[in-house]
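Worksheet: one structure, shown below.
Lettering of chains follows the sequences in order, A, B, ..., and the numbering in each one begins at 1. These numbers come from a predicted model, not from an experiment.
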Number of protein chains: 2
Amino acid sequence: MGNVRQKDIAERLGVSMTTVSRALNGSGRVKKETCQRVMQLAQESHYMVNSLARSLRLSDTRTIGIVVPDISNSFFANIIKGAQGICHDRGYMLMVCNSDENPLYEEGALMALLEKQASGVIIASVGGSRETVNGYRRANIPVVYIDNVPSDAADYDLVSIDNYKAAYALTQIVVKRGYRKIGMITGPRKQSSARMRYEGFINALSDAEIPNNADWIREGEFTLESGYAEMMGVLSLERRPAAMILSNNKLAYGAIRAIYEQGLKIPEDVAIASFDAIDGTGLVRPQIVSLNQPAEEIGRRACQMIIDKLTGESSGQERHVFLEPFLSEGDSL
Amino acid sequence: MGNVRQKDIAERLGVSMTTVSRALNGSGRVKKETCQRVMQLAQESHYMVNSLARSLRLSDTRTIGIVVPDISNSFFANIIKGAQGICHDRGYMLMVCNSDENPLYEEGALMALLEKQASGVIIASVGGSRETVNGYRRANIPVVYIDNVPSDAADYDLVSIDNYKAAYALTQIVVKRGYRKIGMITGPRKQSSARMRYEGFINALSDAEIPNNADWIREGEFTLESGYAEMMGVLSLERRPAAMILSNNKLAYGAIRAIYEQGLKIPEDVAIASFDAIDGTGLVRPQIVSLNQPAEEIGRRACQMIIDKLTGESSGQERHVFLEPFLSEGDSL
DNA sequence: TAGCACAATGTAATCGTTTGCGCAAGTGGT
DNA sequence: ACCACTTGCGCAAACGATTACATTGTGCTA
């Protein structure tokens, strides 16, 4: 209540708001002494700018939004950390939103960010953005996708790994270890990351002249429960695979739980390889062989890309940045 | 860039801004037909409110800030999830900030939220808030602490477990299992949660008439590295403890790593009990005996408390809400 | 001594919404 | 025919900052 405004300072000092504003922002043309008087009174009276007013006037919020499906997944948490680092350095604020894997929430978050006049957004989409993203296009606000490419948008900016190549490579690794009965639990294939991984897997098998068995290839949900359920399905088969590739960490955790629950051994009975199953504790057993996205770097690059667009340091052209995944070894294969 | 404003709609329809605003907000006194014409044109022309202007005028952003030390710690991630659920239901937006365990960043985040006119904030403080929190007091913006109580503030609102009681209880559990040589690695004791847990531990020991051994009690940092280092110190002692209590999940992971690295067995050589070492994957070995804070519930309650204060449903009085921790069993003890 | 450059400051418009107050026209009861 | 309401709408002032465009005063030059 009664927060101090520039107007108050101006009146108290018998100067105009112009002078106060100029003094506070150091934007020249104010006598040194006046400037100091303003500064001092501002300090004493605990003046703080009202960002709303400022942003409204300047049409610039210096705020970047990021929407992720699951903030408690360390993969996304690390992306956020990366983005936040850049934001902090460059004087931006990062607004984090969680879509809870729900396209409707994703849409809602994007809408809210748009209304709040975010300067740009980073989206790890789960599919629900078409309509709102057009709003960003119209408003000419930079949007960068991470992890997933949008299912529809025509041209877009992207920071991610090459999921096709990664899946191909991971499958090759499994093959090289001598496995030939290989299956996969994919994420929802309407999400590009899941689909590309699926395709990489299929093509790697076929290039290795290994037939793929449809029973061993299942479409799941990027959740622990789904991993468990699908793996249970696979394990109940007459003919079981010798190795399974999991499209994501949660799927892997669920799947492994299912395997153990059936009293089976990893990797003797079923071997496991996964994506992004990186272990922050160092205590997960088995240690999962996993191909990981460089999460923090993805966050950093995406954020940098937004800021570049904002400062005009980047041409308006569509840009896809592909980063290299890294392998973490383990005893699950 | 040519974003549609109410003014544009008004001109196009030959009505006043008042009418447009009323129609869009459904705040009465507009003919049904006019209202529909406005709505339709708004839709067609992709009108969106400018939250900045709206909030500025209303002096209300419907935005709640939350500042946590480490977003990639699942404990905090779950708090955020809880808070976000409530916010979403009540039409608020949650702004998540990460302080990275750094008091300066914490201060910065609080400052930014204040300037952005957040309607309220939730803080899991690591100690750097004194100055800025006064700003909130002056502006009469509700602040709710979680996890940690502020080191200085006189009266404050809090949602947390009773850390003293919890530590006392956990220690009792360890004692009841027959351990008498018990040590603890605490967090930074200038943080209240760490200090209270330390005191609960000490008093539980003394009430059980077990002498405490200063060599086994160490002050660490709530990080994996610190857990590792301090545990290494403890293990290098002539006389080792039979059980160690870890004040936090990260400390526990680091400590366990150290124990294994020394070729020791858990719980035979050293037993382990911890706080908040809850395992999302179900694959962490050993399964850690842990007393956990109900993270999502903390987030929900804190958020609810803010909103209650905002809507005047709560008296201005200081409120401390203590929730019950829950035990997860394991084989580490 | 007029003219000029430049420093220091002020006036007022602007960003996009909301809303108190006022006004005109319509409705219905007596 | 009059009064009391209600309905539908508009004017213009906020909210708090920034800034283009004056305006004033000062010292210096020609």
Side-chain angles (χ1 to χ4, degrees), chain A residues 1-39 41-42 45-63 114-119 135 138-139, chain B residues 1-39 41-42 45-63 112 114-119 135 138-139 141:
Chain A
M1 186 76 345
N3 258 347
V4 192
R5 300 151 305 165
Q6 290 192 357
K7 196 180 172 201
D8 302 320
I9 298 187
E11 282 170 4
R12 195 66 134 257
L13 255 41
V15 299
S16 74
M17 289 174 57
T18 312
T19 305
V20 175
S21 177
R22 288 215 182 98
L24 290 169
N25 293 325
S27 38
R29 302 198 92 62
V30 183
K31 209 205 294 182
K32 235 183 198 166
E33 190 219 312
T34 317
C35 187
Q36 287 186 338
R37 277 167 58 217
V38 170
M39 294 293 228
L41 183 53
S45 56
H46 307 288
Y47 169 80
M48 301 191 67
V49 294
N50 181 324
S51 282
L52 295 177
R54 179 170 219 275
S55 298
L56 176 60
R57 177 60 228 253
L58 299 178
S59 311
D60 182 9
T61 55
R62 291 190 79 80
T63 296
L114 193 51
E115 290 182 346
K116 281 206 174 344
Q117 317 293 116
S119 305
R138 274 191 297 273
Chain B
M1 177 85 335
N3 257 348
V4 192
R5 299 151 306 164
Q6 292 191 357
K7 198 180 170 198
D8 302 319
I9 298 188
E11 282 170 3
R12 190 76 128 249
L13 255 42
V15 299
S16 76
M17 288 173 56
T18 311
T19 303
V20 174
S21 176
R22 289 211 181 102
L24 291 169
N25 293 325
S27 39
R29 303 194 90 60
V30 182
K31 208 204 296 185
K32 234 181 199 168
E33 190 220 311
T34 317
C35 187
Q36 288 186 338
R37 277 169 57 219
V38 170
M39 294 292 229
L41 182 53
S45 56
H46 307 287
Y47 169 79
M48 301 192 68
V49 295
N50 182 324
S51 281
L52 294 176
R54 179 170 220 275
S55 297
L56 177 60
R57 175 61 227 249
L58 299 179
S59 310
D60 182 9
T61 54
R62 292 189 79 81
T63 296
L114 193 51
E115 290 182 346
K116 281 205 175 341
Q117 315 294 113
S119 306
R138 274 192 297 273
I141 296 172

Fill in: Gap between atom CZ of B:Arg54 and atom NZ of A:Lys116 - 0.5 Å precision
10.0 Å
Discussion item. Mind checking if A:Ser59 touches a base, just sugar-phosphate, or nothing, with heavy atoms under 4.0 Å?
Written reply: nothing
Discussion item. For B:Arg37, give me all partners under salt bridge (charged side-chain N to carboxylate O under 4.0 Å, His left out), at least two apart in sequence or on another chain.
Written reply: none
Discussion item. Looking at A:Thr18 and C:dT11, is any side-chain donor or acceptor paired with a base atom of the opposite kind under 3.5 Å?
Written reply: yes
Practice prompt. Round to the nearest Å and state the distance from B:Ile9 atom CD1 to C:dT17 atom C1'.
Written response: 12 Å
Worksheet item: Any side-chain N or O of A:Thr34 under 4.0 Å from OP1/OP2 of C:dT9?
Response: yes
Discussion item. In this structure, how many angstroms lie between the C1' atom of D:dC15 and the CD atom of A:Gln6, rounded?
Written reply: 13 Å
Worksheet item: Whole Å only: how far is the CG atom of A:Asp8 from the C1' atom of D:dA17?
Response: 13 Å
Discussion item. Measure CG/A:Asn25 against P/D:dA17 and give the value in whole Å, please.
Written reply: 10 Å
Item to complete: Let me know the distance between CG of A:Asp60 and C1' of C:dG16, rounded to the nearest Å.
Response: 16 Å
Worksheet entry | Atom of A:Tyr47, atom of A:Val4 and distance for their closest heavy-atom approach | CD1-O, 3.4 Å
Which donor-acceptor pairs under 3.5 Å do side chains of residues 18-25 of chain B form with protein atoms, sequence neighbours excluded?
residue	atom	partner	partner atom	Å
B:Thr19	OG1	B:Ser16	OG	3.3
B:Asn25	ND2	B:Ser21	O	3.3

Discussion item. Output the rounded distance in Å from CG (A:Asn3) to P (D:dA14).
Written reply: 19 Å
Response to the item:
What residues 45-58 of chain A contributes to the DNA chain C interface at heavy-atom separation below 4.0 Å is A:Leu56, A:Arg57
Worksheet, complete the sentence: To the nearest 0.5 Å, atom NE2 of A:His46 lies from atom CG of A:Leu41 at 11.0 Å
Worksheet item: How long is the gap from CG on B:Asp8 to CE on B:Met17, to the nearest 0.5 Å?
Response: 9.5 Å
Worksheet item: In whole angstrom, what separates A:Met17's CE from C:dT9's P?
Response: 16 Å
Practice prompt. Only counting residues at least two apart or in another chain, list the ones meeting side-chain contact (heavy atoms from CB on, under 4.5 Å) with B:Gln117.
Written response: A:Asn50, A:Leu52, B:Thr61
Worksheet item: Are the side chain of B:Thr63 and the backbone of B:Ala118 linked by a donor-acceptor contact shorter than 3.5 Å?
Response: no
Worksheet item: If the sugar-phosphate is the primed atoms plus P, OP1 and OP2 and the base is the rest, what is the B/S/- string for nucleotides 21-26 of chain D, using protein heavy atoms under 4.0 Å?
Response: B-----
Response to the item:
Of D:dG16, D:dT18, C:dG10, the nucleotide closest to the side chain of A:Arg5 is D:dG16
Worksheet item: Excluding sequence neighbours, so at least two apart, what forms side-chain contact (heavy atoms from CB on, under 4.5 Å) with B:Ile141?
Response: B:Leu114, B:Tyr136, B:Ala139
Worksheet item: In whole angstrom, what separates A:Lys7's NZ from D:dA14's P?
Response: 8 Å
